[in-house]
Protein chains: 2
Amino acid sequence: MARPSLSREQIVSAAIEVADEGGLDAVTMRLVGQRLNASGMALYRHVANREALIEAMVDAVVGEFAYPEPRPPHWRDALAALANQDWRSYFAHPWFLAATATCRPVLGPKMLAAMEWALASFDGLDVTALEKLHLLSIVTSYGQGLALTWTQPDREGSGQYWREQLRGVGHRRLEAIPAELGDDVELDLDRQFAFGLERVLDGIEMYLTSPPARRP
Amino acid sequence: MARPSLSREQIVSAAIEVADEGGLDAVTMRLVGQRLNASGMALYRHVANREALIEAMVDAVVGEFAYPEPRPPHWRDALAALANQDWRSYFAHPWFLAATATCRPVLGPKMLAAMEWALASFDGLDVTALEKLHLLSIVTSYGQGLALTWTQPDREGSGQYWREQLRGVGHRRLEAIPAELGDDVELDLDRQFAFGLERVLDGIEMYLTSPPARRP
DNA sequence: ATCGCGTGTTTACGTTGTAATCATGCTTGA
DNA sequence: TCAAGCATGATTACAACGTAAACACGCGAT
(Lines give C-alpha, C1' and ligand atoms only; values in the text may rest on other atoms or scores of the structure.)
Protein backbone atom coordinates (compact mmCIF):
# COMPACT_ATOMS: atom_id res chain seq x y z
CA MET A 1 0.00 0.00 0.00
CA ALA A 2 1.05 3.58 -0.49
CA ARG A 3 3.04 4.48 2.60
CA PRO A 4 1.17 7.11 4.61
CA SER A 5 2.67 10.59 4.73
CA LEU A 6 0.25 11.62 7.48
CA SER A 7 -0.17 10.12 10.91
CA ARG A 8 -2.89 10.59 13.44
CA GLU A 9 -0.47 12.04 15.99
CA GLN A 10 0.87 14.49 13.44
CA ILE A 11 -2.63 15.65 12.68
CA VAL A 12 -3.56 16.05 16.33
CA SER A 13 -0.35 17.95 17.03
CA ALA A 14 -0.91 20.26 14.10
CA ALA A 15 -4.49 20.85 15.20
CA ILE A 16 -3.30 21.73 18.70
CA GLU A 17 -0.85 24.22 17.25
CA VAL A 18 -3.59 25.79 15.19
CA ALA A 19 -5.88 26.00 18.22
CA ASP A 20 -3.16 27.51 20.40
CA GLU A 21 -2.62 30.23 17.83
CA GLY A 22 -6.11 30.95 16.56
CA GLY A 23 -8.55 29.40 19.00
CA LEU A 24 -10.91 26.49 18.49
CA ASP A 25 -12.69 28.18 15.60
CA ALA A 26 -9.45 28.14 13.65
CA VAL A 27 -9.31 24.36 13.84
CA THR A 28 -10.62 23.81 10.35
CA MET A 29 -10.03 20.68 8.38
CA ARG A 30 -8.56 22.72 5.56
CA LEU A 31 -6.33 24.78 7.86
CA VAL A 32 -4.98 21.81 9.78
CA GLY A 33 -4.33 20.03 6.52
CA GLN A 34 -2.58 23.08 5.12
CA ARG A 35 -0.14 23.05 8.04
CA LEU A 36 0.83 19.54 6.99
CA ASN A 37 0.96 20.34 3.26
CA ALA A 38 -2.11 18.25 2.71
CA SER A 39 -5.68 18.83 1.67
CA GLY A 40 -8.39 19.08 4.24
CA MET A 41 -9.98 15.85 3.14
CA ALA A 42 -6.81 13.93 3.82
CA LEU A 43 -7.48 14.16 7.54
CA TYR A 44 -10.56 12.00 7.21
CA ARG A 45 -8.37 8.96 6.57
CA HIS A 46 -7.09 9.20 10.17
CA VAL A 47 -9.89 10.98 12.02
CA ALA A 48 -13.60 10.30 11.82
CA ASN A 49 -14.63 13.94 11.68
CA ARG A 50 -13.91 17.32 13.24
CA GLU A 51 -15.51 16.42 16.54
CA ALA A 52 -13.39 13.30 16.87
CA LEU A 53 -10.31 15.38 16.06
CA ILE A 54 -11.12 17.77 18.90
CA GLU A 55 -11.67 14.87 21.26
CA ALA A 56 -8.25 13.54 20.30
CA MET A 57 -6.78 16.99 20.94
CA VAL A 58 -8.28 16.99 24.43
CA ASP A 59 -6.85 13.59 25.27
CA ALA A 60 -3.48 14.62 23.88
CA VAL A 61 -3.35 17.70 26.09
CA VAL A 62 -4.34 15.65 29.13
CA GLY A 63 -1.25 13.52 28.67
CA GLU A 64 1.03 16.31 27.51
CA PHE A 65 2.54 16.92 30.91
CA ALA A 66 2.68 13.93 33.19
CA TYR A 67 2.04 14.27 36.89
CA PRO A 68 5.19 14.16 39.02
CA GLU A 69 6.74 10.77 39.67
CA PRO A 70 7.04 9.62 42.30
CA ARG A 71 3.76 10.93 43.59
CA PRO A 72 4.08 13.01 46.76
CA PRO A 73 3.37 10.65 49.64
CA HIS A 74 0.87 12.91 51.38
CA TRP A 75 -2.48 13.12 49.57
CA ARG A 76 -2.64 16.88 50.04
CA ASP A 77 0.67 17.48 48.29
CA ALA A 78 -0.30 15.12 45.50
CA LEU A 79 -3.65 16.82 44.90
CA ALA A 80 -2.05 20.24 45.02
CA ALA A 81 0.50 19.17 42.43
CA LEU A 82 -2.28 17.77 40.27
CA ALA A 83 -4.35 20.91 40.56
CA ASN A 84 -1.44 23.18 39.67
CA GLN A 85 -0.53 20.97 36.75
CA ASP A 86 -4.06 21.11 35.38
CA TRP A 87 -4.21 24.84 35.99
CA ARG A 88 -1.13 25.43 33.88
CA SER A 89 -2.51 23.25 31.12
CA TYR A 90 -5.72 25.26 30.94
CA PHE A 91 -3.79 28.43 30.26
CA ALA A 92 -1.24 26.80 27.98
CA HIS A 93 -4.20 25.73 25.80
CA PRO A 94 -7.00 28.25 26.33
CA TRP A 95 -9.27 26.28 24.01
CA PHE A 96 -9.10 23.18 26.19
CA LEU A 97 -12.03 23.84 28.50
CA ALA A 98 -14.18 25.11 25.68
CA ALA A 99 -13.47 21.86 23.89
CA THR A 100 -14.47 19.75 26.88
CA ALA A 101 -17.60 21.86 27.21
CA THR A 102 -18.54 21.37 23.58
CA CYS A 103 -17.70 17.76 22.89
CA ARG A 104 -18.84 14.89 25.00
CA PRO A 105 -16.54 13.81 27.83
CA VAL A 106 -13.31 12.25 26.72
CA LEU A 107 -12.17 9.19 28.61
CA GLY A 108 -9.11 8.39 26.54
CA PRO A 109 -6.03 6.51 27.66
CA LYS A 110 -4.24 9.63 28.88
CA MET A 111 -7.23 10.63 30.95
CA LEU A 112 -7.46 7.16 32.48
CA ALA A 113 -3.79 7.21 33.39
CA ALA A 114 -4.25 10.60 35.02
CA MET A 115 -7.20 9.34 37.04
CA GLU A 116 -5.21 6.32 38.12
CA TRP A 117 -2.39 8.58 39.37
CA ALA A 118 -4.86 10.84 41.16
CA LEU A 119 -6.96 8.18 42.82
CA ALA A 120 -3.88 6.50 44.21
CA SER A 121 -3.27 9.67 46.21
CA PHE A 122 -5.88 8.47 48.67
CA ASP A 123 -4.31 5.05 49.12
CA GLY A 124 -4.08 4.06 52.74
CA LEU A 125 -6.93 6.28 53.83
CA ASP A 126 -10.24 5.02 55.13
CA VAL A 127 -12.43 6.01 52.20
CA THR A 128 -14.34 4.04 49.60
CA ALA A 129 -13.47 4.13 45.93
CA LEU A 130 -16.53 6.24 45.25
CA GLU A 131 -15.52 8.71 47.93
CA LYS A 132 -12.05 8.93 46.37
CA LEU A 133 -13.63 9.77 43.06
CA HIS A 134 -15.86 12.42 44.59
CA LEU A 135 -13.09 14.02 46.62
CA LEU A 136 -10.85 14.11 43.58
CA SER A 137 -13.52 15.67 41.44
CA ILE A 138 -13.94 18.48 43.96
CA VAL A 139 -10.38 19.58 43.30
CA THR A 140 -10.49 19.19 39.55
CA SER A 141 -13.92 20.81 39.32
CA TYR A 142 -12.79 23.83 41.29
CA GLY A 143 -9.82 24.36 38.99
CA GLN A 144 -11.83 23.85 35.84
CA GLY A 145 -14.56 26.18 37.00
CA LEU A 146 -12.22 28.97 37.91
CA ALA A 147 -10.27 28.62 34.69
CA LEU A 148 -13.44 28.37 32.62
CA THR A 149 -14.22 32.05 32.99
CA TRP A 150 -10.68 33.35 32.79
CA THR A 151 -9.02 31.44 29.99
CA GLN A 152 -11.14 33.06 27.32
CA PRO A 153 -10.72 36.83 27.56
CA ASP A 154 -6.93 36.69 27.42
CA ARG A 155 -7.05 36.33 23.68
CA GLU A 156 -8.07 39.95 23.12
CA GLY A 157 -8.28 42.93 25.44
CA SER A 158 -7.19 40.91 28.44
CA GLY A 159 -7.33 43.08 31.54
CA GLN A 160 -8.55 46.02 29.53
CA TYR A 161 -11.95 44.43 29.03
CA TRP A 162 -12.44 43.78 32.71
CA ARG A 163 -11.19 47.14 33.73
CA GLU A 164 -13.87 48.79 31.63
CA GLN A 165 -16.60 46.44 32.77
CA LEU A 166 -15.80 46.65 36.45
CA ARG A 167 -15.00 50.33 36.49
CA GLY A 168 -17.80 51.57 34.29
CA VAL A 169 -20.74 49.51 35.42
CA GLY A 170 -19.56 47.89 38.58
CA HIS A 171 -18.31 50.94 40.34
CA ARG A 172 -21.76 52.37 40.68
CA ARG A 173 -23.74 49.23 41.27
CA LEU A 174 -21.33 47.10 43.22
CA GLU A 175 -20.00 49.07 46.11
CA ALA A 176 -18.79 45.81 47.58
CA ILE A 177 -16.16 45.45 44.87
CA PRO A 178 -13.07 47.56 45.43
CA ALA A 179 -12.30 49.95 42.62
CA GLU A 180 -8.70 48.89 42.32
CA LEU A 181 -9.79 45.33 41.59
CA GLY A 182 -9.64 45.67 37.84
CA ASP A 183 -5.99 46.62 37.89
CA ASP A 184 -4.30 43.35 38.64
CA VAL A 185 -7.02 40.85 37.92
CA GLU A 186 -4.80 38.65 35.83
CA LEU A 187 -1.77 38.93 38.07
CA ASP A 188 -3.88 37.96 41.05
CA LEU A 189 -5.47 35.06 39.25
CA ASP A 190 -2.74 32.58 40.13
CA ARG A 191 -2.85 33.78 43.72
CA GLN A 192 -6.65 33.54 43.77
CA PHE A 193 -6.42 29.98 42.49
CA ALA A 194 -3.86 29.03 45.13
CA PHE A 195 -5.99 30.64 47.84
CA GLY A 196 -9.12 28.80 46.84
CA LEU A 197 -7.23 25.55 46.42
CA GLU A 198 -6.12 25.71 50.05
CA ARG A 199 -9.73 26.21 51.16
CA VAL A 200 -10.87 23.25 49.07
CA LEU A 201 -8.10 21.06 50.41
CA ASP A 202 -9.00 22.19 53.93
CA GLY A 203 -12.53 21.01 53.36
CA ILE A 204 -11.32 17.65 52.12
CA GLU A 205 -8.91 17.30 55.00
CA MET A 206 -11.71 18.08 57.43
CA TYR A 207 -13.65 15.19 55.94
CA LEU A 208 -10.73 12.78 55.95
CA THR A 209 -9.89 13.49 59.58
CA SER A 210 -13.47 13.18 60.75
CA PRO A 211 -14.47 9.83 62.21
CA PRO A 212 -15.82 7.65 59.39
CA ALA A 213 -18.87 6.82 61.48
CA ARG A 214 -20.01 10.44 61.41
CA ARG A 215 -19.74 10.83 57.65
CA PRO A 216 -22.92 11.19 55.55
CA MET B 1 -41.16 54.42 11.26
CA ALA B 2 -42.47 50.92 10.77
CA ARG B 3 -43.26 49.64 14.21
CA PRO B 4 -40.98 46.74 15.04
CA SER B 5 -42.49 43.27 15.05
CA LEU B 6 -39.35 41.87 16.68
CA SER B 7 -37.84 42.81 20.01
CA ARG B 8 -34.46 41.99 21.43
CA GLU B 9 -36.00 40.07 24.33
CA GLN B 10 -38.16 38.05 21.97
CA ILE B 11 -35.10 37.14 19.94
CA VAL B 12 -33.08 36.14 22.99
CA SER B 13 -35.98 34.08 24.33
CA ALA B 14 -36.44 32.30 21.02
CA ALA B 15 -32.71 31.63 20.82
CA ILE B 16 -32.77 30.13 24.31
CA GLU B 17 -35.64 27.87 23.29
CA VAL B 18 -33.74 26.75 20.24
CA ALA B 19 -30.62 26.07 22.30
CA ASP B 20 -32.56 24.15 24.93
CA GLU B 21 -33.97 21.89 22.24
CA GLY B 22 -31.09 21.50 19.83
CA GLY B 23 -27.97 22.68 21.60
CA LEU B 24 -25.79 25.66 20.88
CA ASP B 25 -25.08 24.54 17.33
CA ALA B 26 -28.76 24.83 16.55
CA VAL B 27 -28.71 28.53 17.42
CA THR B 28 -28.55 29.68 13.84
CA MET B 29 -29.62 33.10 12.73
CA ARG B 30 -31.98 31.54 10.22
CA LEU B 31 -33.42 29.05 12.72
CA VAL B 32 -33.99 31.61 15.45
CA GLY B 33 -35.60 33.90 12.91
CA GLN B 34 -37.79 31.09 11.66
CA ARG B 35 -39.16 30.56 15.17
CA LEU B 36 -40.33 34.17 15.09
CA ASN B 37 -41.65 33.98 11.54
CA ALA B 38 -38.86 36.23 10.40
CA SER B 39 -35.85 35.92 8.18
CA GLY B 40 -32.44 35.31 9.66
CA MET B 41 -31.19 38.73 8.66
CA ALA B 42 -33.93 40.43 10.62
CA LEU B 43 -32.13 39.59 13.86
CA TYR B 44 -29.23 41.84 12.94
CA ARG B 45 -31.43 44.88 13.53
CA HIS B 46 -31.52 44.03 17.23
CA VAL B 47 -28.33 42.05 17.81
CA ALA B 48 -24.83 42.82 16.58
CA ASN B 49 -24.00 39.28 15.52
CA ARG B 50 -24.29 35.68 16.61
CA GLU B 51 -21.71 36.03 19.36
CA ALA B 52 -23.52 39.00 20.87
CA LEU B 53 -26.75 37.02 20.73
CA ILE B 54 -25.18 34.20 22.70
CA GLU B 55 -23.81 36.65 25.25
CA ALA B 56 -27.31 38.02 25.65
CA MET B 57 -28.61 34.49 26.12
CA VAL B 58 -26.09 33.92 28.90
CA ASP B 59 -27.09 37.07 30.74
CA ALA B 60 -30.75 36.21 30.30
CA VAL B 61 -30.28 32.80 31.89
CA VAL B 62 -28.32 34.30 34.77
CA GLY B 63 -31.33 36.38 35.69
CA GLU B 64 -33.95 33.79 34.85
CA PHE B 65 -34.32 32.53 38.38
CA ALA B 66 -33.65 35.05 41.11
CA TYR B 67 -31.91 34.03 44.30
CA PRO B 68 -34.23 33.65 47.30
CA GLU B 69 -35.39 36.82 49.02
CA PRO B 70 -34.80 37.46 51.77
CA ARG B 71 -31.33 36.01 51.70
CA PRO B 72 -30.70 33.39 54.38
CA PRO B 73 -29.05 35.18 57.29
CA HIS B 74 -26.20 32.71 57.67
CA TRP B 75 -23.58 32.94 54.92
CA ARG B 76 -23.42 29.16 54.61
CA ASP B 77 -27.12 28.82 53.91
CA ALA B 78 -26.99 31.68 51.44
CA LEU B 79 -24.07 30.22 49.51
CA ALA B 80 -25.64 26.78 49.51
CA ALA B 81 -28.84 28.25 48.09
CA LEU B 82 -26.85 30.09 45.45
CA ALA B 83 -24.89 27.00 44.49
CA ASN B 84 -27.99 24.86 44.18
CA GLN B 85 -29.71 27.54 42.15
CA ASP B 86 -26.80 27.75 39.71
CA TRP B 87 -26.57 23.97 39.56
CA ARG B 88 -30.19 23.72 38.47
CA SER B 89 -29.67 26.40 35.85
CA TYR B 90 -26.75 24.54 34.31
CA PHE B 91 -28.90 21.50 33.71
CA ALA B 92 -31.98 23.45 32.70
CA HIS B 93 -29.83 24.98 29.93
CA PRO B 94 -27.10 22.47 29.10
CA TRP B 95 -25.60 24.87 26.56
CA PHE B 96 -24.98 27.53 29.20
CA LEU B 97 -21.49 26.54 30.30
CA ALA B 98 -20.37 25.84 26.77
CA ALA B 99 -21.50 29.35 25.90
CA THR B 100 -19.56 30.93 28.74
CA ALA B 101 -16.55 28.85 27.70
CA THR B 102 -16.77 30.02 24.12
CA CYS B 103 -17.65 33.67 24.38
CA ARG B 104 -15.83 36.16 26.51
CA PRO B 105 -17.10 36.65 30.06
CA VAL B 106 -20.46 38.30 30.33
CA LEU B 107 -20.87 40.91 33.02
CA GLY B 108 -24.38 42.01 32.19
CA PRO B 109 -26.90 43.58 34.56
CA LYS B 110 -28.30 40.24 35.69
CA MET B 111 -24.85 38.96 36.51
CA LEU B 112 -24.05 42.08 38.50
CA ALA B 113 -27.25 41.76 40.48
CA ALA B 114 -26.43 38.15 41.25
CA MET B 115 -22.95 39.08 42.45
CA GLU B 116 -24.41 41.80 44.64
CA TRP B 117 -26.75 39.28 46.26
CA ALA B 118 -23.92 36.80 46.75
CA LEU B 119 -21.31 39.16 48.13
CA ALA B 120 -23.75 40.47 50.70
CA SER B 121 -23.80 36.98 52.18
CA PHE B 122 -20.53 37.79 53.88
CA ASP B 123 -21.76 41.01 55.45
CA GLY B 124 -20.81 41.32 59.07
CA LEU B 125 -17.82 39.00 58.76
CA ASP B 126 -14.26 40.12 59.18
CA VAL B 127 -13.12 39.72 55.57
CA THR B 128 -12.05 42.19 52.92
CA ALA B 129 -14.03 42.77 49.75
CA LEU B 130 -11.41 40.91 47.76
CA GLU B 131 -11.61 37.95 50.12
CA LYS B 132 -15.39 37.93 49.72
CA LEU B 133 -14.96 37.76 45.97
CA HIS B 134 -12.45 34.94 46.20
CA LEU B 135 -14.48 32.91 48.66
CA LEU B 136 -17.57 33.33 46.52
CA SER B 137 -15.75 32.25 43.39
CA ILE B 138 -14.65 29.05 45.09
CA VAL B 139 -18.26 27.98 45.40
CA THR B 140 -19.33 29.07 41.94
CA SER B 141 -16.21 27.61 40.35
CA TYR B 142 -16.74 24.26 41.96
CA GLY B 143 -20.29 24.09 40.67
CA GLN B 144 -19.37 25.21 37.19
CA GLY B 145 -16.48 22.81 36.99
CA LEU B 146 -18.50 19.82 38.06
CA ALA B 147 -21.36 20.69 35.75
CA LEU B 148 -19.01 21.41 32.86
CA THR B 149 -18.26 17.76 32.30
CA TRP B 150 -21.69 16.42 32.99
CA THR B 151 -24.12 18.74 31.26
CA GLN B 152 -22.96 17.71 27.80
CA PRO B 153 -23.38 13.95 27.48
CA ASP B 154 -27.04 13.97 28.51
CA ARG B 155 -28.04 15.01 25.03
CA GLU B 156 -27.38 11.58 23.58
CA GLY B 157 -26.54 8.22 25.13
CA SER B 158 -26.59 9.65 28.64
CA GLY B 159 -25.56 6.97 31.08
CA GLN B 160 -25.14 4.48 28.28
CA TYR B 161 -22.02 6.22 27.05
CA TRP B 162 -20.38 6.21 30.45
CA ARG B 163 -21.37 2.69 31.17
CA GLU B 164 -19.54 1.55 28.07
CA GLN B 165 -16.52 3.72 28.71
CA LEU B 166 -16.11 2.81 32.36
CA ARG B 167 -16.97 -0.83 31.97
CA GLY B 168 -15.04 -1.54 28.80
CA VAL B 169 -11.85 0.36 29.31
CA GLY B 170 -11.93 1.35 32.92
CA HIS B 171 -12.69 -2.01 34.35
CA ARG B 172 -9.36 -3.40 33.31
CA ARG B 173 -7.19 -0.37 33.84
CA LEU B 174 -8.82 1.31 36.82
CA GLU B 175 -9.22 -1.21 39.55
CA ALA B 176 -9.83 1.67 41.90
CA ILE B 177 -13.16 2.46 40.26
CA PRO B 178 -15.97 0.20 41.36
CA ALA B 179 -17.64 -1.64 38.55
CA GLU B 180 -21.11 -0.61 39.60
CA LEU B 181 -20.20 3.03 39.25
CA GLY B 182 -21.51 3.37 35.74
CA ASP B 183 -24.98 2.32 36.74
CA ASP B 184 -26.28 5.36 38.51
CA VAL B 185 -23.83 8.02 37.48
CA GLU B 186 -26.53 10.51 36.68
CA LEU B 187 -28.69 9.74 39.65
CA ASP B 188 -25.72 10.15 41.93
CA LEU B 189 -24.67 13.39 40.31
CA ASP B 190 -26.90 15.58 42.45
CA ARG B 191 -25.70 13.74 45.52
CA GLN B 192 -22.09 14.08 44.43
CA PHE B 193 -22.59 17.79 43.97
CA ALA B 194 -24.15 18.17 47.40
CA PHE B 195 -21.35 16.14 48.96
CA GLY B 196 -18.61 18.24 47.38
CA LEU B 197 -20.45 21.45 48.20
CA GLU B 198 -20.37 20.59 51.89
CA ARG B 199 -16.60 20.00 51.69
CA VAL B 200 -16.10 23.32 49.94
CA LEU B 201 -18.24 25.14 52.47
CA ASP B 202 -16.33 23.40 55.25
CA GLY B 203 -13.10 24.77 53.84
CA ILE B 204 -14.55 28.28 53.68
CA GLU B 205 -15.92 28.00 57.19
CA MET B 206 -12.52 26.88 58.43
CA TYR B 207 -11.07 30.05 56.95
CA LEU B 208 -13.76 32.32 58.33
CA THR B 209 -13.46 30.93 61.83
CA SER B 210 -9.67 31.13 61.89
CA PRO B 211 -8.17 34.19 63.56
CA PRO B 212 -7.71 36.90 60.90
CA ALA B 213 -4.14 37.43 62.03
CA ARG B 214 -3.20 33.92 60.95
CA ARG B 215 -4.62 34.20 57.46
CA PRO B 216 -2.31 34.40 54.44
C1' DA C 1 3.16 -8.59 -14.01
C1' DT C 2 -1.12 -7.67 -11.99
C1' DC C 3 -4.45 -7.23 -8.74
C1' DG C 4 -6.24 -5.00 -4.56
C1' DC C 5 -6.40 -1.72 -1.33
C1' DG C 6 -4.71 2.04 1.52
C1' DT C 7 -3.75 6.90 0.80
C1' DG C 8 -4.34 11.59 -0.58
C1' DT C 9 -6.77 14.84 -4.15
C1' DT C 10 -10.41 16.81 -6.53
C1' DT C 11 -14.93 18.11 -7.09
C1' DA C 12 -19.31 19.18 -5.36
C1' DC C 13 -23.22 20.21 -2.27
C1' DG C 14 -25.76 21.96 1.57
C1' DT C 15 -25.33 25.16 5.43
C1' DT C 16 -23.39 28.81 7.91
C1' DG C 17 -22.52 34.04 9.19
C1' DT C 18 -23.13 38.29 7.37
C1' DA C 19 -22.38 42.40 3.89
C1' DA C 20 -25.20 44.86 0.51
C1' DT C 21 -29.28 46.13 -1.40
C1' DC C 22 -34.12 46.57 -1.77
C1' DA C 23 -39.23 47.03 -0.31
C1' DT C 24 -42.44 48.78 2.80
C1' DG C 25 -45.17 51.56 5.60
C1' DC C 26 -45.44 54.31 9.96
C1' DT C 27 -44.23 58.88 11.76
C1' DT C 28 -43.59 63.43 11.43
C1' DG C 29 -43.15 68.39 9.58
C1' DA C 30 -45.55 71.35 6.58
C1' DT D 1 -53.67 66.20 4.22
C1' DC D 2 -49.71 64.80 2.18
C1' DA D 3 -45.07 64.05 0.99
C1' DA D 4 -40.53 63.04 2.95
C1' DG D 5 -37.60 60.30 5.68
C1' DC D 6 -36.16 56.57 7.97
C1' DA D 7 -36.48 52.35 10.79
C1' DT D 8 -37.58 47.69 9.90
C1' DG D 9 -37.57 43.39 7.72
C1' DA D 10 -36.83 40.63 3.22
C1' DT D 11 -33.84 39.33 -0.60
C1' DT D 12 -29.83 38.41 -2.72
C1' DA D 13 -25.10 37.21 -2.72
C1' DC D 14 -20.62 35.44 -1.25
C1' DA D 15 -16.82 33.25 1.18
C1' DA D 16 -15.89 29.59 4.24
C1' DC D 17 -17.22 25.55 6.51
C1' DG D 18 -17.91 20.09 7.09
C1' DT D 19 -17.98 16.29 4.49
C1' DA D 20 -19.91 12.81 0.81
C1' DA D 21 -18.43 10.89 -3.71
C1' DA D 22 -15.46 9.85 -7.20
C1' DC D 23 -10.92 9.70 -8.71
C1' DA D 24 -5.56 8.88 -9.21
C1' DC D 25 -1.68 6.88 -7.53
C1' DG D 26 1.56 3.45 -5.88
C1' DC D 27 3.19 -0.18 -2.82
C1' DG D 28 2.42 -5.29 -1.01
C1' DA D 29 0.84 -9.66 -2.01
C1' DT D 30 -0.07 -13.22 -5.41
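- The side chain to side chain donor-acceptor pair (under 3.5 Å) test applied to A/Thr140 returns no partner, not counting sequence neighbours.
- In this entry the distance linking CG of B/Leu43 with C1' of C/dA19 reads 15 Å, nearest Å.
- In terms of the salt bridge (charged side-chain N to carboxylate O under 4.0 Å, His left out) criterion, A/Arg45 has no residue partners (sequence neighbours excluded).
- Taking each heavy atom of B/Ile204 and B/Leu135 in turn, the nearest pair found is CD1-O, 3.6 Å.
- Side-chain nitrogen and oxygen atoms of B/Ser5 include none within less than 4.0 Å of the OP1 or OP2 phosphate oxygen of D/dT8.
- A/Ala38 comes within contact range of the sugar-phosphate backbone alone, with a heavy-atom separation under 4.0 Å but no base atom that close.
- Looking at A/Asp86 and A/Tyr67, their side chains do bring a donor and an acceptor atom within 3.5 Å of each other.
- The ring of B/Phe96 has its center no closer than 6.0 angstrom to the ring center of B/Phe91.
- Each of A/Arg45 and B/Asn37 was assigned the nucleotide of DNA chain D with the nearest heavy atom; the assignment lying further toward the 5' end belongs to B/Asn37.
- For B/His46 and D/dT8, the shortest distance from a side-chain N or O to OP1 or OP2 is not below 4.0 Å.
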All N/O contacts under 3.5 Å from nucleotides 17-19 of chain D to the protein, with atom names and distances to one decimal?
residue: D/dC17; atom: OP1; partner: A/Thr28; partner atom: OG1; Å: 3.4
residue: D/dG18; atom: OP2; partner: A/Met29; partner atom: N; Å: 3.1
residue: D/dG18; atom: N7; partner: A/Arg30; partner atom: NH1; Å: 2.9
residue: D/dG18; atom: O6; partner: A/Arg30; partner atom: NH2; Å: 3.1
residue: D/dT19; atom: OP2; partner: A/Tyr44; partner atom: OH; Å: 2.8
residue: D/dT19; atom: OP2; partner: A/Arg50; partner atom: N; Å: 3.0
residue: D/dT19; atom: O5'; partner: A/Tyr44; partner atom: OH; Å: 3.3
residue: D/dT19; atom: O4; partner: A/Arg30; partner atom: NH2; Å: 3.2

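- Geometric assessment of B/Arg199 against the ring of B/Phe195 yields a positive cation-pi assignment under the 6.0 Å and 45° thresholds.
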